[in-house]
Each structure stands twice: as structure tokens, then as C-alpha cells.
Amino acid sequence: MPELPEVETIKRELEAVILDKRITAVVINNAKVIREPKKEKFVANLKNVAIKKIIRKGKLLIFELSSGKFLTIHLKMTGQLIYPSHQKRGGGVNPGKISRVSFRFFDNTLLDFNDSRLFGELRIVDDWQKLKFIKELGPEPFDIDAEKFKEMLASKKTKIKVSIMDQKFISGIGNLYANEALFRAKIHPQRPTNSLSEKEKELLFKEIKDVLLEAIHYGGSSVDQYVQVSGKPGEYVKYHKVYDREGEPCFNCGGKVERISLGSRGTYFCPACQRLKRS
DNA sequence: AATGGGACCTGCGCGC
DNA sequence: TGCGCGCAGGTCCCAT
């Protein structure tokens, strides 16, 4: 799933290959992913415009255009950005992946937006800072210090995993890295947020940042559909400790990794290392 | 107000 | 074999 490390990886790769290239054509194969403006206007807004700068806020990518407007892309679960695409007749670079929107540049290269489940969202807006999603977005772990993080947790009563996945609370962490960070900090995902000790809060904050940085270093985690812009998988999946490892041995104690459903999301943890009640 | 669950979608893996 | 079902999860929305 594209979370902060995956979106950051995509941002960095795109910066290296598409900045300042003028868009000459846009092909929309499925208009469902175009949220605003309407299809025709969307295309017109991009013609003969170049991408000047790429910004990432949480899991949202923001392209600053030479026209002064912004193209925002949210990949949701199955969105991919592939460049240069070697598509033939609408097929993306990955087998079976269909391009929903293709951007053609002046040099005839293609940037494909693929998204099998059509949850992705593309917008062109005058000011990305006015987007509701942005206005409500919490700080990224890298925007705050441990003191601020501890202060934020103190007033939360929800389960800790739900808290750290709440983009309005803290942004960038999705299901995969929430599971990993909690395991590394040895904190049970169902602990009430405000029940964490000062030490646990500090450790969790550190592990959140560490796991995100490590994942960025390895180009993200290719589970499900995520791939890098080049089409290569993200290698961090090799280093997952608990995610999708139900019934397998805990790397720390050898016990069995458990899976529960929390907020209707798969939640993986080691019940021996991450205790619900203090012993 | 906070919380939980469903909706949005498609593809894949599993069991019969 | 092939089909149908359940599940995957980012975000929004609604009900409680």
C-alpha cells in the first residue's frame, strides 16, 4: 500500500525524470479517477504545461504546474505512476495493469497512472493548500519532536494503532507501517493511546520515524500493487517483522505472530512481545 | 464528540 | 476445472 515511504520514493524518482518536461497530450481511459475539474477541462488544463516542482504531503503527491495551477494525485491502495511507460494499446508496464490516465510529454515519453481498483484521485486545483484533505491533515512524524508527539498522545483515548493511522492526527502512516512501528516499540495495538508511558511514547516516536526512513531507503514495500516509477518492486518487504506474517514465528521471541481485526483492518502483532496488560 | 462500520472498487487466492 | 466468495486497505460518509 502506498504510505509515506512509497509516495516519497515515487516523488524522488519522478523529480529525477519528468521535471520541466512539457505535457503535449493527456489520454483518459477511465474518467472515474478524475475528481475535478471535468474530463475535458482537466485535459485542457494540462496541455502545453510543464511540471515545475513536486511536493508530498502525507500520502498526497502535488505537482506544481507552469500555469500556476496544481495537479494532485492520491494513489490510495492500488495507484501506480510508471515512467517511462512502455505501454502498448493502453496496457501499462506491468502485466495486467491498465493505464487509467496517460500523460504524454514533448519528447513522446509517457507517464502512466495505473489503478486497478479506481480508488485513486486526480485533481487540478488553483491552490492545493485550500483542499479539505490538506487543511485537516495532521503533521508528519518528521515535522514534530518527541515532546510534541507525547503531548498529542496524552489527549487521545482511542487505541494506539487507530491513532497513529489517523491522517488528521499524524500523517503518512498506513496499516503496514503502523503494525511494524508498534512491533518495534513492543506496544500492543489495542492499548489506549493515553495509557502509554513516557518511555513508550518516546520509543514509539523513534520507531515510527526509523521504520519510515528505512522503508524509504529500500524504495518502499511492494505488497499488493505498489511498484516504483521504474516498475521495480520496493525492497523493504524483506524486512517486515509482523505484517502479513500470521502464524509465523516472531523474529524477537519465536512465538507466533497473531492477526486480529482492528478498525476492520488486518492487525499483526506478537502477543508475547506486545502485551496488552502490564505484567 | 468519538467510534465503528460500510461504501467505494477490482483482482487474487482459496475452498468446494 | 471452474466458480463464487472473502479479503486486501486509504479515505469518506453515515449512524449510533
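Just so we're on the same page: letters track the sequence lines, and every chain starts at 1.
For B/dG4, the OP1/OP2 oxygens have no side-chain nitrogen or oxygen of A/Arg265 closer than 4.0 Å. Contact annotation: A/Lys168 side-chain N/O to C/dT11 OP1/OP2 distance is not under 4.0 Å. Within the structure, every side-chain polar atom (N or O) of A/Gln167 is placed at least 4.0 Å from both OP1 and OP2 of C/dG10. For C/dG10, the OP1/OP2 oxygens have no side-chain nitrogen or oxygen of A/His74 closer than 4.0 Å. Listed pair A/Tyr177 / C/dG10 fails the phosphate criterion, with no side-chain N or O lying under 4.0 Å from OP1 or OP2.
Listed candidates were C/dC13, C/dG9, C/dT11. Nearest to the side chain of A/Lys132 is C/dC13. The A/Phe133 side chain lies nearest to C/dT11 when the options are B/dT3, C/dA8, C/dT11. Looking at the side chain of A/Ser116, the nearest of the listed nucleotides C/dG10, C/dT11, B/dT10 is B/dT10.
Once rounded to the nearest 0.5 Å, the distance linking CD of A/Glu202 with CG of A/Leu153 reads 11.0 Å.
Residue A/Lys159 is in sugar-phosphate contact alone, with no base atom involved, counting any heavy-atom pair closer than 4.0 Å across all strands shown. Across all strands, A/Thr78 comes closer than 4.0 Å to no nucleic acid atom at all (heavy-atom distances).
A distance-only check finds a donor-acceptor pair linking the side chain of A/Thr267 to the backbone of A/Arg265 [under 3.5 Å].
At whole-Å resolution of the value, NZ in A/Lys76 and P in C/dA8 are 19 Å apart. Following rounding to the nearest Å, A/Phe119 (CZ) and B/dA7 (P) show an atom-to-atom distance of 12 Å. Between A/Glu121 atom CD and C/dG10 atom P the separation is 14 Å, expressed in whole Å.
Take the nearest nucleotide of DNA chain B for A/Lys156 and for A/Arg117: the residue whose nucleotide is more 5' is A/Lys156.
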